[in-house]
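See structure below.
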Amino acid sequence: MYRLYQYEMHNRYLPISAPRFYSTFSFMLLRMVQGYRVIGQCRLNECIGYAVYTLICFFCILGTTYNCFAEDMHDKIISFEERMDLLHIQDKDGTVRTIATTKAWEERKTEIFANVEKVFGPFPDSLKKCDLDVKYIEENDCGGYTRYKISFCPEPGDLAFAWLLVPKNHDCKLPAAVALHPTHEAGKDDSVGLTRRLNRNYGQELADRGYVVIAPDYWNFGECKKSPYDLGYKSQCMRGIWDHMRAVDLLATLDYVDSDRIAAIGHSLGGHNALFLAMYDPRIKVTVTSCGFSSFYRQKEYCPESLRGHAQDRYAPLCDTIYHCDPTRLPFDYNEILALIAPRTILINAPLKDDNFDPQGARECTESARKVYELYGRPDGLLLLQPNDLHDFPPEIRKTVYDMLDREFKNF
């Protein structure tokens, strides 16, 4: 399909396929003819008017044609095998590069981030950073910890809400976690146990184990209602990354938090949001992702609805409007996201009966990224757990994850 970025709606570029391109082309020719008629009626400098108007229309049509065709000229169809081989990269001229050192991989990371931002939109610049202006709205005694409802400013003109869970009687700096909720209308309430949903209260459980926990809302859940597109983002994914990084900023301001021991944890929606946060924020030392990903290739076969779900407004609409949810054209996949986090630890729960994310794709992404972890001498930095379970975060898996999290943070 030939595509033209003709106009922008809610700050998202919308594509125009070949039929619409020709319609646009015809429309511009019609306008040119109409222009002749209007200018002809003026009878003043008629010849010059015709010439100028013709030139303007010619260059507009030329620009339209170039934008339409140039995009596809640079599109590269990438096979599943190519995508999973992170250590061999084919350049546009056909040259194959081998990634054999961590230095070479660090250079490659820049390209992958650029590809991610083709879909998520650009990472915000420093102008979006403002004073957090933290306000404590509510306080609840929960036995071993205190639960505070707070608000903070992630950027000028926006307000975020979160639960902050603080263990009592701490006489030293504590590890912390960003608990990112799954898909549920209650948002942040779900991950701290307030919805009483089974196996979703991981934020509450970490607070019981002595972690300081912040659990923010994601857009259109809980109290987060302001559209990311009104704030200038190309996707909610990128807005979520920024908001969650600001939550880490908030944790770092607390004198009872050890900033060298911060984790991100989430299930489903929260599972991939934890990866997105860790991908951009090196302060996340351990990432726990439950039922959060598979490869786009496997998703297309296994659960097409889930793949198309990535193009919802609450994720990244450009997945569809530019790349048509086609894994061979999408400029990145989850194995690359995992590899961007290397060499930091990732704990993965990918149940064998997950009806949302293909467990085979999760395994393949993990093994692909492990090659990069091996470059850093940390092949065990990726732990994949695949229980015989559904799209869930069962108690025995959570206990294994928490125990490993404790051991990881003892090394810091």
Side-chain angles (χ1 to χ4, degrees), residues 132-155 158-167 175-209 211-228 231 236-254 257 262-278 281 284 287-292 312-315 393 398 402:
L132 288 166
D133 191 25
V134 181
K135 288 184 170 54
Y136 287 74
I137 302 167
E138 180 183 318
E139 179 177 340
N140 301 274
D141 187 333
C142 299
Y145 64 90
T146 303
R147 186 181 67 239
Y148 299 97
K149 184 179 180 181
I150 63 171
S151 68
F152 62 95
C153 294
E155 61 183 89
D158 194 17
L159 191 64
F161 293 89
W163 290 112
L164 180 66
L165 282 51
V166 182
V178 184
L180 302 173
H181 63 79
T183 302
H184 191 278
E185 61 184 7
K188 61 185 179 299
D189 292 1
D190 203 24
S191 60
V192 299
L194 294 179
T195 61
R196 301 189 182 280
R197 284 212 301 163
L198 191 65
N199 300 331
R200 301 295 183 266
N201 60 327
Y202 36 86
Q204 175 191 31
E205 291 176 336
L206 285 173
D208 281 331
R209 292 175 75 101
Y211 286 73
V212 177
V213 174
I214 188 167
D217 279 323
Y218 190 74
W219 177 50
N220 257 357
F221 298 97
E223 297 173 89
C224 183
K225 301 301 180 186
K226 189 158 189 175
S227 169
L231 294 167
Q236 169 57 24
C237 289
M238 186 56 76
R239 191 268 192 94
I241 289 166
W242 180 258
D243 283 3
H244 300 154
M245 288 180 70
R246 296 295 279 152
V248 177
D249 289 342
L250 194 157
L251 288 174
T253 67
L254 304 176
V257 167
I262 299 178
I265 183 171
H267 172 75
S268 194
L269 168 66
H272 39 260
N273 280 338
L275 291 174
F276 298 158
L277 169 59
D281 197 331
I284 300 299
T287 306
V288 179
T289 175
S290 171
C291 300
Q312 296 177 74
D313 280 356
R314 69 185 183 198
Y315 293 113
F393 200 0
R398 295 201 309 280
Y402 299 156

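Throughout, residue positions are numbered sequentially from 1 according to the sequence presented. Excluded from the calculations below are hydrogen atoms, water molecules and symmetry mates; all remaining heavy atoms, backbone and side chain alike, are included.
- For the residue pair L251 and A177, the shortest heavy atom distance occurs at CD1-O, 4.3 Å.
- In this structure, the side chains of L254 and L164 come closer than 4.5 Å at one or more pairs of heavy atoms.
- Shown here are the side-chain contact (heavy atoms from CB on, under 4.5 Å) partners of E138, two or more places apart in sequence or in another chain: N140, K149, W163.
- For Y145, there are no side-chain hydrogen bond (donor to acceptor under 3.5 Å, both in side chains) partners two or more places apart in sequence or in a different chain.
- Taking all atoms of both residues into account, the shortest heavy-atom contact from Y202 to L180 is OH-O, 2.7 Å.
- C224 is not listed as a side-chain neighbour of Q236, based on a closest heavy-atom distance of 4.5 Å or more.
- Expressed to the nearest 0.5 Å, how far CG of D243 lies from CG of L277 amounts to 11.0 Å.
- Contact between V213 and G203 at its shortest, heavy atoms only, is CG2-O, 3.5 Å.
- Residues H272 and Y315 bring their aromatic ring centres within 6.0 Å.
- Applying the salt bridge (charged side-chain N to carboxylate O under 4.0 Å, His left out) rule to D189 yields no partners; only residues at least two apart in sequence or on another chain are considered.
- Residue D133 holds its CG atom at 11.5 Å from CZ of F152, rounded to the nearest 0.5 Å.
- Classified by interplanar angle (parallel below 30°, tilted 30° to 60°, perpendicular above 60°), the ring pair H267/F393 is parallel.
- Between W219 and S227, the shortest heavy-atom contact is NE1-CA, 3.6 Å.
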Go through R197 and H184 one step at a time and tell me if the side-chain contact (heavy atoms from CB on, under 4.5 Å) criterion holds. CA-CA 10 Å; R197 284 212 301 163; H184 191 278; 3.3 Å; yes
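- Summarising the geometry, atom CG belonging to L206 is positioned 10.0 Å from atom OG belonging to S191; distances are rounded to the nearest 0.5 Å.
- Contact detail for F221 and G187: the closest heavy-atom pair is CB-CA, 3.8 Å.
- Between K188 and E223 there is a salt bridge, since at least one side-chain N of the basic residue sits less than 4.0 Å from a carboxylate O of the acidic one.
- Using a 4.0 Å cut-off between a side-chain N of Lys or Arg and a carboxylate O of Asp or Glu, R246 and D249 qualify as a salt bridge.
- Of the inter-residue distances, the one linking M245 atom CE with D281 atom CG reads 4.0 Å to the nearest 0.5 angstrom.
- Contact check for R314 versus L269: no side-chain heavy atoms found under the 4.5 Å cut-off.
- Under the side-chain hydrogen bond (donor to acceptor under 3.5 Å, both in side chains) criterion, D208 pairs with no residue, sequence neighbours left out.
- Once rounded to the nearest 0.5 Å, the distance linking CG of L194 with NE2 of H181 reads 12.5 Å.
- With contacts defined as side-chain heavy-atom distances shorter than 4.5 Å, the pair C153/D158 does not qualify.
- For N273, the side-chain hydrogen bond (donor to acceptor under 3.5 Å, both in side chains) test picks out no residue, with sequence neighbours left out.
- In terms of heavy-atom proximity, I214 sits nearest to P216 at O-CD, 3.6 Å.
- In terms of the side-chain contact (heavy atoms from CB on, under 4.5 Å) criterion, residue partners of N201 (sequence neighbours excluded) are, by chain and number, Q204, E205, R398.
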